[in-house]
Amino acid sequence: MLYWLLKSEPDVFGYPDLVRVGVEPWNGVRNYLARNYLRQMGAGDLCLFYHSNAKPNGVAGVARVVRAAYPDNLQFDPESAYFDPKSLPDNPRWSMVDVSPVVAFPTLLTLEALRDLPDWDDSPLTRKGTRLSVFPVTESQFRAALAAVGLEPEKLETGVVQTVNT
DNA sequence: GCCAACGTTGGC
DNA sequence: GCCAACGTTGGC
């Protein structure tokens, strides 16, 4: 199993929205490196759900990949801001995964607090100038993030979690 | 609102 | 294939 971080602007789609909808297609990613990471995701992988452009910024909860990469629906929708006229249906350029909520953090793990965690010294999140919206986190980074808000990773792995059903 | 950083575009 | 211009991200 792999671990990831997904950025989202809470004004657009925050963790509470994920809880509300139950399953969300993670569409609209239009960066090749981020897309390649999406394609590496497998069902069951866990994601830190990060609020960007927020007050304050930080990880709001954990999400789970419930469907591995498949073609992003918006690339073929001329009405969408994410429409890509160069993407052909028989060779889709952009991919998305489906994610579901696993557990809301009891408190937001702020960017400031993340910077204090040694495991997070080297990450696209804390590195200046990196704007990737999807990237891998190490197991130790994932565990450190959960520990920082008092959650136990083992309970996620054994399924004994506060899961929000659809 | 500012602006640094960086990805993409398009002329050549 | 280079690279300047441009657009976007995202912290502050």
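Keep in mind that what you see is a predicted model, and the values were worked out from it rather than measured. Letters go in sequence order (proteins before strands), and every chain restarts at 1.
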Contacts of Phe13(A) that satisfy side-chain contact (heavy atoms from CB on, under 4.5 Å) - sequence neighbours left out
Ser8(A), Asp17(A), Leu18(A), Val21(A), Glu24(A), Trp26(A), Phe49(A)
Does the pair Asp119(A)/Arg143(A) count as a salt bridge with the N-to-O cut at 4.0 Å?
no
Does anything in residues 87-107 of chain A pair up under ring-ring contact (aromatic ring centres under 6.0 Å, His included), and if so which pairs, sequence neighbours excluded?
Tyr32(A)-Trp94(A)
Once side-chain contact (heavy atoms from CB on, under 4.5 Å) is applied, do any residues pair with Asn53(A), and if so which ones, sequence neighbours excluded?
Glu9(A)
Expected output is a numbered-order residue list: members of residues 88-98 of chain A with a heavy atom under 4.0 Å from any atom of DNA chain B. What is it?
none
Please list, chain by chain and in numerical order, all residues satisfying side-chain contact (heavy atoms from CB on, under 4.5 Å) with Asp98(A), sequence neighbours excluded.
Val23(A), Pro25(A), Val66(A), Arg67(A), Tyr70(A)
Can you sort out the partners of Tyr82(A) under ring pair (Phe, Tyr, Trp, His ring centres under 6.0 Å), two or more places apart, ordered by chain and number?
none
Salt bridge (Lys or Arg N to Asp or Glu O under 4.0 Å) partners of Arg131(A), counting only residues at least two apart
none
Ordered by number, residues from residues 119-135 of chain A within less than 4.0 Å of DNA chain B (heavy atoms) are Lys128(A), Gly129(A), Arg131(A)
Can you sort out the partners of Asn57(A) under side-chain contact (heavy atoms from CB on, under 4.5 Å), two or more places apart, ordered by chain and number?
Tyr50(A), Ala54(A), Leu111(A)
Which other residues end up in the same hydrophobic cluster as Phe83(A), if Ile, Leu, Val, Met, Phe, Trp and Tyr are linked when side-chain heavy atoms come under 4.5 Å apart?
none
Contact nearer the 5' end of DNA chain B, comparing Lys86(A) with Asn31(A):
Asn31(A)
Which nucleotide span of DNA chain C, 5' end to 3' end, has atoms closer than 4.0 Å to non-hydrogen atoms of chain A?
dG7(C) to dC12(C)
Need one value for Arg115(A): base, sugar-phosphate or nothing, where a base atom within 4.0 Å counts as base even if backbone is also close, heavy atoms only.
sugar-phosphate
For Arg115(A), what residues pass the salt bridge (Lys or Arg N to Asp or Glu O under 4.0 Å) criterion, not counting sequence neighbours?
none
